[in-house]
Amino acid sequence: MELDLIGNVSLSLQILIVALLFLGLPLFRKQKSTKTFMLHGYSTVAALILHTILIFIVMVPSFASEAEELFELSIFGSVTVWSHVILGTTAEVIGIILVVAWVIKRPSKMVCVRWKKLMTPLFVIWVISIVNGALVHLLGLL
């Protein structure tokens, strides 16, 4: 089975997005300064913008063009595809809410601290969605 170039690039960019999020994590930095929290915020904004672009340029068209194949998938394939769609959409929406809240308030450490309870589950959801997306791509489910 030959993998498509666009899917390969998209998957590579999704891995880059996770790397951006890791780079910005204050937990992995020795100094937890305002500068560190600003780096976290800006890397999150960059990751969200890149993710949004990929959704509209790669994922939505791919999903729409292969919609008929959804009915022919195995239970595993169907669960993998739909969990990717649901978790990815959830991550995108929550990510937008967090980024908008961070940008509207003057970027600061306090905003990050307030939203931390939502950021950790969001990160987990995002990673699971990326793993599911990788499975969809690598197994040729769509």
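This is a predicted model, so every value here is computed, not measured.
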Atom pair [atom1] ([X]) and [atom2] ([Y]), whose distance is rounded to the nearest 0.5 Å:
X: I6; Y: L54; atom1: CD1; atom2: CG; value: 11.0 Å
X: I125; Y: S83; atom1: CD1; atom2: OG; value: 12.0 Å
X: I55; Y: L48; atom1: CD1; atom2: CG; value: 8.0 Å
X: M59; Y: H137; atom1: CE; atom2: NE2; value: 11.0 Å
X: I130; Y: S10; atom1: CD1; atom2: OG; value: 9.5 Å
X: L50; Y: L16; atom1: CG; atom2: CG; value: 6.0 Å

[X] and [Y]: same hydrophobic cluster, using ILVMFWY side-chain contacts below 4.5 Å?
X: W126; Y: F56; value: yes
X: V85; Y: F71; value: no
X: I96; Y: Y42; value: yes
X: V81; Y: F76; value: yes
X: V136; Y: L139; value: yes

Any side-chain to backbone donor/acceptor pair from S65 onto S62? Under 3.5 Å, distance only.
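Yes.
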
From [options], residue fulfilling side-chain contact (heavy atoms from CB on, under 4.5 Å) relative to [X]:
X: V100; options: I104, L98, V103, I97; value: I104
X: I94; options: T89, V99, L122; value: L122
X: N132; options: L141, V79, L87, I86; value: L87

L13 atom CG: more than 12 heavy-atom contacts under 6.0 Å:
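Yes, enclosed.
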
Would I17 and Q14 count as a side chain to side chain contact (heavy atoms under 4.5 Å, CB included) here? Give the steps.
CA-CA 5 Å; I17 289 169; Q14 290 294 334; 3.8 Å; yes

